[in-house]
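My questions will all concern the structure given below.
The chains referred to below are lettered A, B, ... by the order of the sequence lines, with proteins before strands, and numbering in each begins at 1. Note: hydrogens, waters and symmetry copies are ignored here, and every other heavy atom, side chains too, is used.
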2 protein chains.
Amino acid sequence: MKKIDIFNKLRTSGLRPTKQRVEIAKFLFEREKTFHFTVESLNKLLEKKTTSKFALATIYNTVHAFKNAGHLSELEVKGNKTYFDTNVSNHHHFYDSETSELIDIDEKEVVIQKIPKAPNGKKIKNIEVFINLKN
Amino acid sequence: MKKIDIFNKLRTSGLRPTKQRVEIAKFLFEREKTFHFTVESLNKLLEKKTTSKFALATIYNTVHAFKNAGHLSELEVKGNKTYFDTNVSNHHHFYDSETSELIDIDEKEVVIQKIPKAPNGKKIKNIEVFINLKN
DNA sequence: TTTTCACTTTAGAACTATTATAAACTAGAA
DNA sequence: TTCTAGTTTATAATAGTTCTAAAGTGAAAA
Ligand SMILES: [Mn+2]
Ligand SMILES: [Mn+2]
Ligand SMILES: [Zn+2]
Ligand SMILES: [Zn+2]
């Protein structure tokens, strides 16, 4: 994803392409593989990989703006920190609780044969499968 | 589960059956259906349903002691609070994010036909399925 | 261009969930 | 009954996140 695309991505989301947002967007979205992170881990990586520095509040603001724009999704992971995912399609995860490492599983790699029907007047929105790993 | 059983459950877990532990254990374990809760919700319910009062730290201590003893499991739910589950067997959940309500699904109610193999030298510990609901 | 201003960033305060501390209390062995 | 390790408790400390309001800035309008 090139700079012009980052600009468009931000603009079409109603987000002004500020210096900070562009740099964080490049870091998050210009990569081949899915990236799973917490605000803390993102902050550390940005400190390491870029010369600019960002207020922690800006990282929170930006990550939430991207999430609200549909460019990031939030993950359910044990512990008190919020995890984010650059893969916003329906997909599943391997999870290694010892290393807190998450690995994407494409939706098509998991086939479910049988599930119970949704309770009362509710419908199924989506299904998430976590495969917990050990050594 | 009767009082004597609560006493045994605590004793055999190496936990002294104190007034507080017995009362919390009765509240958590003397019920037909699975109970999903946060420390905050448990605290409020204990205030309402019992005459004794408990220091918040005691509720944290007790819940963690029960978890370490294998009487409670921890759940992965979006948000910053830690959820606990009185069902410690492998099972799945319906989840309604609007009400934060969790409903148990027995392991046998979900049949998975195909999953990818675990990465590198790792093995699959268990599989958790979350069925997200909408109205 | 320059001006203007709504939007954004920022440092720090505030807030919320959780854990640590250490003094007072207590279950239960002796 | 005495004794003590284990437990409870109030409170402080910590960690993750959100709020606040002042300073800065992108970009539309003049
Ligand atoms: Mn979490
Ligand atoms: Mn959580
Ligand atoms: Zn993912
Ligand atoms: Zn459950």
Select base, sugar-phosphate, or nothing to describe what B/Thr58 touches, counting heavy atoms under 4.0 Å on all strands.
base
Between B/Tyr95 and B/Phe130, what is the ring plane arrangement, given parallel below 30°, perpendicular above 60°, and tilted in between?
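Ring orientation of B/Tyr95 relative to B/Phe130: perpendicular.
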Would you kindly give the NZ-to-P distance between A/Lys44 and D/dA15, to the nearest whole Å?
11 Å
Using the ring of each side chain (for Trp, its six-membered ring), is A/Phe27 parallel, tilted or perpendicular to A/Phe35, with breaks at 30° and 60°?
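Ring orientation, 0 to 90° scale: perpendicular.
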Taking CD1 from A/Ile59 and C1' from D/dA15, how many angstroms apart are they, rounded to a whole number?
16 Å
To the nearest Å, give me how far apart CG (B/Asn61) and C1' (C/dT19) are.
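Distance check: B/Asn61 CG to C/dT19 C1' gives 9 Å.
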So, does A/His64 get its side chain near the phosphate of D/dT18, meaning an N or O under 4.0 Å from OP1 or OP2?
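Checking D/dT18 against A/His64, a side-chain N or O does come within under 4.0 Å of OP1 or OP2.
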To the nearest angstrom, how far is B/Glu74 atom CD from C/dA17 atom P?
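Distance check: B/Glu74 CD to C/dA17 P gives 15 Å.
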Between C1' of C/dC25 and NZ of B/Lys53, the distance in whole Å:
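To the nearest whole Å, that distance equals 14 Å.
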Distance check needed: D/dT17 P versus B/Lys81 NZ, whole Å only.
15 Å
What is the distance, rounded to the nearest whole Å, between atom CD of A/Gln20 and atom C1' of D/dG26?
11 Å
Phosphate-side-chain proximity, B/Tyr60 and C/dT18, N/O vs OP1/OP2 below 4.0 Å
yes
Among C/dG28, D/dA27, D/dG16, which is the nearest nucleotide to the side chain of A/Arg11?
D/dA27
Please check: side-chain N/O of B/Ser13 versus main-chain N/O of B/Leu15, any donor-acceptor pairing under 3.5 Å?
no
Do any side-chain nitrogens or oxygens of B/Thr18 fall under 4.0 Å of OP1 or OP2 in D/dT8?
yes
Side-chain N,O (B/Arg21) to OP1/OP2 (D/dG6) below 4.0 Å:
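The answer is no; no side-chain N or O of B/Arg21 sits under 4.0 Å from OP1 or OP2.
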I want to check one thing: is the phosphate of D/dA5, taken as OP1 and OP2, less than 4.0 Å away from some side-chain N or O of B/Arg16?
no
Find the distance between CG (A/Leu45) and CD (A/Glu40) and round it off to the nearest 0.5 Å.
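One gets 10.5 Å once the value is rounded to the nearest 0.5 Å.
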Without decimals, in angstroms, what is the distance between B/Leu56 CG and C/dA20 C1'?
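So the two atoms are 13 Å apart, to the nearest Å.
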With a cut-off of less than 4.0 Å, is there a side-chain N or O of A/Thr82 near OP1 or OP2 of D/dT17?
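So the side-chain polar atoms of A/Thr82 do come within 4.0 Å of the phosphate oxygens OP1 or OP2 of D/dT17, strictly under.
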